**Q** 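Before anything else, here's the structure in question.
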Amino acid sequence: MRQVVISGTGVFTPDEVITNEELVVCFNAYADRQNEIHAAEIAAGTHERIEHSSEEFIFKASGIERRHVMDKNGVLDPDRMYPRLRKREDSEPGIMTEMAIKAATDALEAANKTAADVDAVICAASNHERAYPAIAIEIQDALGIDGFGFDMNVACSSATFGIQAAADMIRSGSANCILMVNPEICSGHLEWRDRDCHFIFGDVCTAVVLEEQSQATSDTQFEILATRCLTAFSNNIRNNNGFLRRSLPDGLTDQRDMQFMQNGRQVFKEVVPIVAHTILRHCQDEGIEPDQIDRMWLHQANKSMNDFIGRKVLGRLPEPDEQPNILQDYANTSSAGSIIAFAQNSNDLPAGALGIICSFGAGYSVGNVIVKKAV
Ligand code: CO8
């Protein structure tokens, strides 16, 4: 059987940062304006008052301190509260492609590869800016890669499902080297006017180069020992936007369900046991004991959630270097979160170290990748 390694990673981090403090100032200004506009109805009990948000709550409930975004001004304008992106001609690269090229360039350099070495591009993300042509094909064209590309979406688990798809293709021989990218512009599909979730997401792009082990030449390589994907239908994280919108009554008017919606507490309660069970079962099936795991790079949605999962898997609270979090600086970046954690916290491991990249989220979906540091 052909062995597959991750031979390079790249992270494109947008320059603009929104702190919790800035976010709360904007939200509270919006809430005050809305409450003023609807003062009579609020007094009559026919309209719900919007309470203030708080920095303390955000940090305590999630562990998030700041997030990077593609456009800060639009998000922090209380009369708007979503990104302001420039219109692009069809002849120009789209914004997802632009982000992907930056992350991919770093990943290819780390892998000691050029575009000529790559056979396929997978663009795995929780949203794509258009239906077709595939973003992956635009990225392939921009980088000058021969072969093929396709898009896939499994929400927060897109990257780990993408790794499994790429690894399976390389094992079977339909490709030798694959670029898997995750441009996540979560700021575009977060409802920044919803107090329950306005702090959750940020923007980023990650890229991973996977290739057949015997052709890999990079300084750092992680062998993929095993992958496992799991899905179980749930409406607790949902976005109803889609191509049929125009055909529905009032379909195109601005409605809450066109953006990210979740029942956060329910997600927390239901997803933690599924993820812990999946990791433990997968390790057991591969003959790996929990105390052999040197590092876990988990999905970056919520610090307490990661602590719970780490405790269930290891039987104790993981040390920060055993389970590094990046969500304090990036917030939830959907599928890219576990890959940022991996890219920024894996080079120091010695050869032979075992690690787990695990993502989870809407669907529900869980993607688990067991890796061994090869060199
Ligand atoms: N400021 C102050 N108080 C607040 C705020 C706020 N901003 N928001 C809520 N509160 C109050 C509530 O009103 C409530 O008050 P009371 O007790 O008086 O009723 C109290 O705080 C507690 O509220 P919650 O129960 O909602 O708070 P939680 O402790 O549950 O924390 C979290 C909320 C942080 C959302 C938490 O539930 C969580 O993180 N859950 C897991 C979420 C998760 O992992 N989701 C994964 C989704 S991501 C994914 O899969 C990708 C989807 C596709 C990508 C989409 C990109 C946009």
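Here the structure is a predicted model, which means the values were calculated and not measured. For ligands, and for the atoms within them, numbers begin at 1 and follow the listed sequence.
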**Q** Would you confirm whether any non-hydrogen atom of the protein falls under 4.0 Å from atom 18 (O) of ligand 1?
**A**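 Not a single protein heavy atom is under 4.0 Å away.
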**Q** Considering only protein heavy atoms, determine whether one is less than 4.0 Å from atom 1 (N) of ligand 1.
**A**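 Yes, there is one.
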**Q** May I have the step-by-step check of side-chain contact (heavy atoms from CB on, under 4.5 Å) for Ile185 and Met96, ending in yes or no?
**A** CA-CA 8 Å; Ile185 314 181; Met96 290 180 79; 4.0 Å; yes
**Q** When you measure from atom 30 (O) of ligand 1 to the protein, is at least one non-hydrogen atom found at a distance under 4.0 Å?
**A**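 Yes, because at least one protein heavy atom sits under 4.0 Å from atom 30 (O) of ligand 1.
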**Q** Polar-atom distance check: Gly361 versus ligand 1, any N or O pair below 3.5 Å?
**A**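 There is no such contact.
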**Q** Report yes if some heavy atom in the side chain of Arg256 is under 4.5 Å from a heavy atom in the side chain of Asp194; otherwise report no.
**A**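 SC-SC contact between Arg256 and Asp194 confirmed.
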**Q** Do protein heavy atoms approach atom 49 (C) of ligand 1 to less than 4.0 Å?
**A**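 At least one protein heavy atom is under 4.0 Å away.
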**Q** If you measure from each non-hydrogen atom of Ser126 to ligand 1, which part falls under 4.0 Å: side chain, backbone, both or neither?
**A**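 Contact part for Ser126 vs ligand 1: side chain (C-beta onward).
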**Q** Can you find an N/O atom of Ser334 closer than 3.5 Å to an N/O atom of ligand 1?
**A**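 No; the residue has no nitrogen or oxygen that sits under 3.5 Å from a nitrogen or oxygen of the ligand.
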**Q** Heavy-atom contacts with Gln262 under 4.0 Å: which atoms of ligand 1 show up? List them by number with element.
**A**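 Those qualifying, in numeric order: 35 (C), 42 (C), 43 (C), 45 (N), 46 (C), 47 (C).
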**Q** Below 3.5 angstrom, do we get any N/O pair linking Gly264 and ligand 1?
**A**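 Looking only at distances, the answer is yes, because the N/O contact criterion of under 3.5 Å is met.
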**Q** Test of understanding: given a 4.0 Å heavy-atom threshold, classify the contact between Glu51 and ligand 1 as side chain, backbone, both, or neither.
**A**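 Neither part.
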**Q** Are any of the side-chain heavy atoms of Gln328 and Ile64 separated by less than 4.5 Å?
**A**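 They are not in side-chain contact.
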**Q** For ligand 1, is any non-hydrogen atom under 4.0 Å from Met305's backbone (N, CA, C, O), its side chain (CB onward), both, or neither?
**A**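 The side chain, only.
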**Q** Suppose I only count heavy atoms of Asp196 and a 4.0 Å limit; which atoms of ligand 1 are within that range?
**A**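 Ligand 1 atoms under the 4.0 Å threshold to Asp196: 8 (N), 9 (C).
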**Q** Need the ligand 1 atom indices (1-based, order shown) with element for anything under 4.0 Å from a heavy-atom of Ser54.
**A**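 That gives atoms 1 (N), 2 (C) of ligand 1.
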**Q** Just go through Phe57, Tyr364, Phe260 and tell me whose heavy atom is the nearest to atom 23 (O) of ligand 1.
**A**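 That would be Phe57.
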**Q** His189 to ligand 1: N or O pair under 3.5 Å?
**A**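 Such a contact does not occur with ligand 1.
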**Q** May I have the step-by-step check of side-chain hydrogen bond (donor to acceptor under 3.5 Å, both in side chains) for Arg238 and Asn240, ending in yes or no?
**A** CA-CA 6 Å; Arg238 194 168 169 116; Asn240 283 335; 2.6 Å; yes
**Q** Evaluate the criterion side-chain contact (heavy atoms from CB on, under 4.5 Å) for residue pair Asp117 and Glu211; output intermediate values, then yes/no.
**A** CA-CA 10 Å; Asp117 300 310; Glu211 59 182 313; over 6 Å; no
**Q** Identify, for atom 51 (C) of ligand 1, the protein heavy atom at the shortest distance, and state residue, atom and that distance.
**A**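 Answer for atom 51 (C) of ligand 1: Cys156 SG, 2.4 Å.
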**Q** Polar-atom distance check: Asn332 versus ligand 1, any N or O pair below 3.5 Å?
**A**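 By distance alone, the answer is no.
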**Q** Pair Asp348, Arg295 - check side-chain contact (heavy atoms from CB on, under 4.5 Å), show working.
**A** CA-CA 11 Å; Asp348 61 305; Arg295 196 159 292 173; 2.8 Å; yes
**Q** Identify which of Arg265, His52, His198 has a heavy atom lying nearest to atom 28 (P) of ligand 1.
**A**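 Among Arg265, His52, His198, the closest heavy atom to atom 28 (P) of ligand 1 comes from Arg265.
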**Q** Give me the one residue out of Arg33, Arg193, Arg84 that meets salt bridge (Lys or Arg N to Asp or Glu O under 4.0 Å) with Asp79.
**A**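 It is Arg33, the one option of Arg33, Arg193, Arg84 that forms the salt bridge (Lys or Arg N to Asp or Glu O under 4.0 Å) with Asp79.
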**Q** Going through the distances and angles, do Asp141 and Ile137 end up as a side-chain contact (heavy atoms from CB on, under 4.5 Å)?
**A** CA-CA 6 Å; Asp141 182 62; Ile137 302 175; 5.6 Å; no
**Q** Side-chain polar contacts of residues 43-53 - donor-acceptor pairs under 3.5 angstrom, sequence neighbours left out - could you list them?
**A**
unit_1, atom_1, unit_2, atom_2, d
Thr46, OG1, Glu41, O, 3.2
His52, NE2, Asp32, OD1, 2.8
Ser53, OG, His198, NE2, 2.7

**Q** State whether the shortest distance between N or O atoms of Arg195 and N or O atoms of ligand 1 falls below 3.5 angstrom.
**A**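 N/O-N/O distance below 3.5 Å exists for this pair.
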**Q** Heavy atom under 4.0 Å from ligand 1: found in Ala301's side chain, backbone, both, or neither?
**A**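 The answer is the side chain of Ala301.
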**Q** Would you name the heavy atoms of Ile200 and Leu190 that are closest together and state the gap between them?
**A**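 The pair with the smallest heavy-atom distance is N-CD2, 4.5 Å.
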**Q** If you measure from atom 38 (C) of ligand 1 to every heavy atom of Asp194, Ile58, Asn302, Ile185, which option wins on shortest distance?
**A**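 It is Asn302 that holds the nearest heavy atom.
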**Q** Go through His299 and Phe360 one step at a time and tell me if the ring pair (Phe, Tyr, Trp, His ring centres under 6.0 Å) criterion holds.
**A** CA-CA 6 Å; His299 176 48; Phe360 39 88; 5.0 Å; yes
**Q** Taking all non-hydrogen atoms of both residues into account, name the closest pair between Val24 and Glu55 and its distance.
**A**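 Minimum heavy-atom contact is CG2-N, 3.7 Å.
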**Q** Determine, for Glu138 against Arg130, whether the closest basic-nitrogen to carboxylate-oxygen distance falls under 4.0 angstrom.
**A**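 Salt bridge present between Glu138 and Arg130.
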